[in-house]
*Asks:* 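Next up is a structure, given as structure tokens.
In this chain, residues are counted from 1 in sequence order.
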Amino acid sequence: MLPLIKRIDSHVHFYTSQDLRRVAGSLPYALPAPHPLTAYLDTLIDAGIAPTLLNNVHLSILPDSENVFASFDELKHLQAANPLRYGDVKLVGTIKAEPAYATQERLSHPQVVGARIVLHDARPETVSDTQFSDGRWAAFYRRLLPRQHLHIYAKEAETNLRVLRQIPRDVRVIIDHLGTCHSERDITEPAYIALLTEARERGNVWFKGPGYRTCINPEETARFVTQIVCAVGADKILLEATDAPHVGTDNKGVPYSNLFNLDKAFNFVDAVAQHVSKETRIPVGQLLRGASGQLVS
């Protein structure tokens, strides 16, 4: 019997049909299919993959992150029922970064590693200079534990930059999808260069994959990763993620679910890491998961 291939998934979403019923009829598009933890684990394990560390990240369509806390209980029951199959899985979570929701009680849960701001395609000019730095947000930042991070997702590099500049400099930050979902603007986009410069100066900003929302071509995505490595540092990248269940579309309107499944998502990040490794001589494993011990363990 061949040994299982060990994997981490630093960005995945677990939610059930019950979670989706809470927002049924309130979205301007069709609801995604449920993506429960148990089915995800069984898919990987049956394919010969051993998931060792998973980060259940706040799903933007849900009003809160109760699905994240429910997944902790779900795994606990699975491990009690079948420790041989599920016992080596570690699950952490990133909850909604809303000051009224991310209370001290919720943040103190030992499996919560951070909180997430979601802005999607918000234009930079829609983010005011104090939107994330008023008294409510300042109190929220003080509640974050030293081991926790703030997670920012915006498609625009300049939007990410505007948010980052409002975050206290002692707060650790993870920027989603390599900092931009607009590969057509290239790595020379002034806002992208400014974002990387700000990240380097702070010294506690990481960039996370999987990267296919930046570009579905691994070689093109690798250029952005290489730029991050050169500008911010090889220790500030975390590629191994699936962003399952691959909701949304690329810039041409093609659904990501038509392009990726779990296997293809892992193959994508592997290909990106291999391209970057050839260019930089940084080991593939370090690019994939080298930062995980600092961020999601």
Side-chain angles (χ1 to χ4, degrees), residues 10-15 19-20 22-23 26-28 55-72 92-177 179-181 191 194-195 197-199 201-208 236 238 243 294-296:
S10 60
H11 189 127
V12 61
H13 303 284
F14 300 127
Y15 53 90
D19 295 315
L20 293 173
R22 301 171 61 199
V23 293
S26 64
L27 302 177
N55 183 18
N56 186 4
V57 176
H58 168 66
L59 183 66
S60 60
I61 65 172
L62 297 179
D64 53 43
S65 300
E66 296 311 293
N67 64 306
V68 173
F69 292 102
S71 70
F72 298 155
V92 298
T94 301
I95 66 173
K96 183 177 182 179
E98 162 57 44
Y101 179 75
T103 61
Q104 184 172 353
E105 179 183 7
R106 292 189 174 102
L107 288 170
S108 66
H109 192 291
Q111 288 170 265
V112 171
V113 295
R116 188 188 195 206
I117 293 173
V118 181
L119 292 172
H120 289 301
D121 54 0
R123 296 286 302 163
E125 60 269 18
T126 67
V127 178
S128 76
D129 292 338
T130 59
Q131 184 172 342
F132 296 100
S133 58
D134 64 15
R136 295 167 59 251
W137 281 95
F140 158 71
Y141 299 134
R142 290 193 294 270
R143 290 195 292 271
L144 288 172
L145 299 172
R147 64 177 176 82
Q148 293 173 330
H149 62 262
L150 185 71
H151 189 151
I152 305 172
Y153 166 44
K155 294 181 179 181
E156 296 264 357
E158 188 175 346
T159 303
N160 282 314
L161 179 61
R162 288 201 177 198
V163 178
L164 180 60
R165 284 176 170 165
Q166 297 183 48
I167 310 304
R169 298 183 75 86
D170 63 334
V171 172
R172 304 194 311 165
V173 176
I174 296 179
I175 297 181
D176 229 347
H177 305 303
T180 180
C181 295
L195 176 63
T197 299
E198 180 77 15
E201 291 174 352
R202 291 173 66 105
N204 59 354
V205 179
W206 287 260
F207 291 79
K208 187 185 58 56
K236 295 298 189 290
L238 178 59
D243 198 14
Q294 304 172 69
L295 299 172
V296 292

*Asks:* Verify, without hydrogens or angle tests, whether His58 (side chain) and Thr94 (backbone) share a donor-acceptor contact under 3.5 angstrom.
*Replies:*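 No, because the side chain of His58 does not come within donor-acceptor range (under 3.5 Å) of the backbone of Thr94.
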*Asks:* Are the side chains of Trp206 and Leu238 in contact, using a 4.5 Å heavy-atom criterion?
*Replies:*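 SC-SC contact between Leu238 and Trp206 ruled out.
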*Asks:* Are the aromatic rings of His11 and His151 close, with centres under 6.0 Å apart?
*Replies:*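 Yes; His151 has its ring centre under 6.0 Å from that of His11.
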*Asks:* For Tyr153, does its backbone N or O pair with a side-chain atom of Arg116 as donor and acceptor, under 3.5 Å?
*Replies:*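 Checking the backbone N and O of Tyr153 against the side chain of Arg116, no donor-acceptor pair under 3.5 Å is found.
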*Asks:* Name the one of Val163, Asn160, Asn204, Ile167 that satisfies side chain to side chain contact (heavy atoms under 4.5 Å, CB included) with Val173?
*Replies:*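 Among the candidates, only Ile167 passes.
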*Asks:* Locate the shortest heavy-atom distance separating Val68 from Asn56; write the atom from each residue and the value.
*Replies:*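 Heavy-atom minimum between the residues: CA-ND2, 3.5 Å.
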*Asks:* Any non-hydrogen side-chain atom of Leu195 less than 4.5 Å from a side-chain atom of Phe207?
*Replies:*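 Counting from C-beta outward, Leu195 and Phe207 do come under 4.5 Å.
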*Asks:* Does Lys236 use its side chain to pair, donor to acceptor, with the backbone of Val205 at less than 3.5 Å?
*Replies:*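 Pair absent, no side-chain N/O of Lys236 close to backbone of Val205.
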*Asks:* Do Glu156 and Arg162 have side-chain heavy atoms sitting under 4.5 Å apart?
*Replies:*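 No; the side chains remain at least 4.5 Å from each other.
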*Asks:* Should the ring pair Trp137 and Tyr141 be called parallel, tilted or perpendicular, given that the plane angle runs from 0 to 90° and is split at 30 and 60?
*Replies:*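 Rings of Trp137 and Tyr141: tilted, 30 to 60°.
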*Asks:* Looking at Arg165 and Glu198, would you say the former's side chain and the latter's main chain have a donor-acceptor pair under 3.5 Å?
*Replies:*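 Pair absent, no side-chain N/O of Arg165 close to backbone of Glu198.
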*Asks:* Do His120 side-chain atoms and Lys155 backbone N/O form a donor-acceptor pair below 3.5 Å?
*Replies:*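 Absent.
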*Asks:* Flag the pair Glu66 and Arg106 as a salt bridge only when some basic side-chain nitrogen lies within less than 4.0 angstrom of an acidic carboxylate oxygen.
*Replies:*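 Salt bridge present between Glu66 and Arg106.
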*Asks:* Minimum heavy-atom separation for Ala122 and Thr126, please, with both atom names.
*Replies:*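 Nearest pair, atom of Ala122 first, then Thr126: CB-OG1, 3.8 Å.
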*Asks:* Which atom pair, heavy atoms only, marks the closest approach of Gln166 to Val127?
*Replies:*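 Here Gln166 and Val127 meet closest at NE2-CG1, 3.9 Å.
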*Asks:* So, does Tyr101 use its side chain to make a donor-acceptor pair with the main chain of Ser65 at under 3.5 Å?
*Replies:*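 Checking the backbone N and O of Ser65 against the side chain of Tyr101, a donor-acceptor pair under 3.5 Å is found.
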*Asks:* Taking the side chain as every heavy atom from C-beta outward, state whether His109 and Phe72 have any pair of such atoms under 4.5 Å apart.
*Replies:*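 Sidechains of Phe72 and His109: in contact.
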*Asks:* Check the pair Lys208, Asp243 against salt bridge (charged side-chain N to carboxylate O under 4.0 Å, His left out), reporting the backbone distance first and the verdict last.
*Replies:* CA-CA 11 Å; Lys208 187 185 58 56; Asp243 198 14; over 6 Å; no
